[in-house]
Amino acid sequence: MMARAASREIWVLHGPNLNALGRREPKLYGKDALATIDARLEKLGESLGLKVSCFQTNHEGALIDRLTIAMDEVDGVLLNPAALSHTSLALADTLRVATIPVVEVHLTNLYARDPERRVSLTGAAVSGVIMGFGGASYELGLQALAALVGGSAKRGSSR
């Protein structure tokens, strides 16, 4: 394992259709564009002593690839798997072998949604889940992740 600087690095991974935030059902998902949420996370990360890098994909395999790489590259992941939360066994399996803390976030409260969205295959495989607070779910998730990665010098010890 290579030596790391005192600053922790976090990847924020956004799943399918989150690139349409601000335009897609704003009454449900809010009016903030993804770039606005990313900018707020980067600023909050700085105040928490974290380097935050954001990535969005509409492809399940690309999200799985990033998670796999993250285990060797960063200290933690903030993840919004979007609809993949309800459908992807492959993503859930990847999360089960994660060697770093992963906090899952959702803009909406899954339990208040239609029945097929109330089940999260991925939620059971992560360190914690924050949902239902709109864009603030991401900020709350980053704060929780900062607590998980900040308490230990060794990656993977907080999962």
Side-chain angles (χ1 to χ4, degrees), residues 8-30 32-38 40-42 44-45 50-149 155-159:
R8 302 289 188 176
E9 186 171 355
I10 300 299
W11 282 358
V12 178
L13 304 179
H14 307 283
N17 299 312
L18 291 169
N19 56 308
L21 284 179
R23 300 183 312 263
R24 178 183 172 219
E25 299 178 87
K27 288 183 180 179
L28 185 60
Y29 297 109
D32 287 339
L34 187 61
T36 302
I37 291 171
D38 286 346
R40 283 198 317 252
L41 290 172
E42 290 168 6
L44 176 59
L50 302 171
K51 179 184 179 208
V52 173
S53 300
C54 302
F55 173 81
Q56 188 278 327
T57 182
N58 291 319
H59 304 281
E60 180 181 26
L63 197 57
I64 291 169
D65 288 345
R66 293 295 288 185
L67 278 167
T68 302
I69 293 166
M71 289 183 234
D72 293 325
E73 298 290 326
V74 299
D75 298 288
V77 169
L78 186 64
L79 170 68
N80 185 342
L84 293 174
S85 178
H86 319 293
T87 62
S88 180
L89 288 171
L91 181 57
D93 286 346
T94 302
L95 289 164
R96 280 187 191 86
V97 299
T99 56
I100 56 175
V102 178
V103 172
E104 182 174 314
V105 297
H106 293 278
L107 298 164
T108 63
N109 178 351
L110 301 183
Y111 299 113
R113 303 286 306 272
D114 37 310
E116 62 272 12
R117 293 184 186 268
R118 292 181 192 157
V119 174
S120 174
L121 301 175
T122 55
V126 296
S127 302
V129 180
I130 296 175
M131 66 175 112
F133 298 99
S137 292
Y138 279 100
E139 294 166 41
L140 294 166
L142 185 60
Q143 292 170 344
L145 192 55
L148 290 175
V149 302
R155 289 193 348 237
S157 62
S158 299
R159 174 137 197 301

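Computed over heavy atoms, backbone and side chain alike; hydrogens, waters and symmetry mates excluded. Predicted, not measured: the structure shown is a model, and the values here were computed from it.
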Subject >> Residue pairs fulfilling salt bridge (Lys or Arg N to Asp or Glu O under 4.0 Å) with at least one residue in residues 126-142, sequence neighbours excluded >> reply: R40-E139
Original post:
Does T94 have any side-chain hydrogen bond (donor to acceptor under 3.5 Å, both in side chains) partners at least two apart in sequence or in another chain, and if so, which?
Top reply: none
Original post:
Judged by atom type as modelled, is there a donor-acceptor pair below 3.5 Å linking the side chain of R8 to the main-chain atoms of D75?
Top reply: no
**OP:** Determine which pairs satisfy ring-ring contact (aromatic ring centres under 6.0 Å, His included) with at least one residue from residues 120-139, sequence neighbours left out, and list them in order.
**Re:** H14-Y138
Subject >> Heavy-atom pair with the smallest gap, counting every atom of V52 and C54 >> reply: CG1-SG, 4.1 Å
Subject >> With sequence neighbours excluded, residues passing side-chain hydrogen bond (donor to acceptor under 3.5 Å, both in side chains) with E42 >> reply: none
**OP:** Could you pull out the closest heavy-atom pair between S85 and E104, with the gap in Å?
**Re:** OG-OE2, 3.4 Å
Original post:
Are I37 and L18 close enough that some pair of their side-chain heavy atoms sits under 4.5 Å apart?
Top reply: no
Original post:
CG of L121 to CG of L89: how many Å apart, nearest 0.5 Å?
Top reply: 5.5 Å
**OP:** Might you point out which heavy atoms bring I130 and A144 nearest each other, and give the distance in Å?
**Re:** CD1-CB, 4.2 Å
N/O donor to acceptor pairs below 3.5 angstrom from side-chain atoms of residues 62-70, sequence neighbours left out:
from	atom 1	to	atom 2	distance (Å)
T68	OG1	I64	O	2.9

Original post:
Considering all heavy atoms of both residues, which atom of L79 and which atom of V102 are nearest to each other, and what is their separation?
Top reply: CB-CG1, 4.0 Å
Subject >> Shortest non-hydrogen contact between T122 and P81, atoms and distance >> reply: OG1-CG, 3.7 Å
**OP:** Could you list the residues that satisfy side-chain contact (heavy atoms from CB on, under 4.5 Å) with S88, not counting sequence neighbours?
**Re:** E60, L84, A90, L91
Subject >> Counterpart residues, side-chain contact (heavy atoms from CB on, under 4.5 Å), relative to A20 (two or more places apart) >> reply: R23, R24
**OP:** Determine the minimum heavy-atom distance between A82 and G15, stating which atoms define it.
**Re:** CB-C, 4.2 Å
Subject >> Test side-chain contact (heavy atoms from CB on, under 4.5 Å) applied to I10 and L142, L41, I100, V74, the passing residue >> reply: L142
Subject >> Contact list for residues 120-134, test salt bridge (Lys or Arg N to Asp or Glu O under 4.0 Å), sequence neighbours left out >> reply: none
**OP:** Any pair with a residue in residues 86-126 that passes ring-ring contact (aromatic ring centres under 6.0 Å, His included), sequence neighbours left out, goes on the list, sorted by first then second residue, please.
**Re:** none
**OP:** Look up atom CG in L13 and atom CD in Q56, then write down how far apart they are to the nearest 0.5 Å.
**Re:** 10.5 Å
**OP:** Output every pair passing salt bridge (Lys or Arg N to Asp or Glu O under 4.0 Å) with a member in residues 84-94, not counting sequence neighbours, ordered by first then second residue.
**Re:** D93-R96
Original post:
Looking at side-chain heavy atoms only, is the closest gap between S120 and V129 below 4.5 Å?
Top reply: no
**OP:** Not counting sequence neighbours, which residues clear side-chain hydrogen bond (donor to acceptor under 3.5 Å, both in side chains) with N17? List them please.
**Re:** none
**OP:** With sequence neighbours excluded, tell me which residues meet side-chain hydrogen bond (donor to acceptor under 3.5 Å, both in side chains) with S137.
**Re:** none
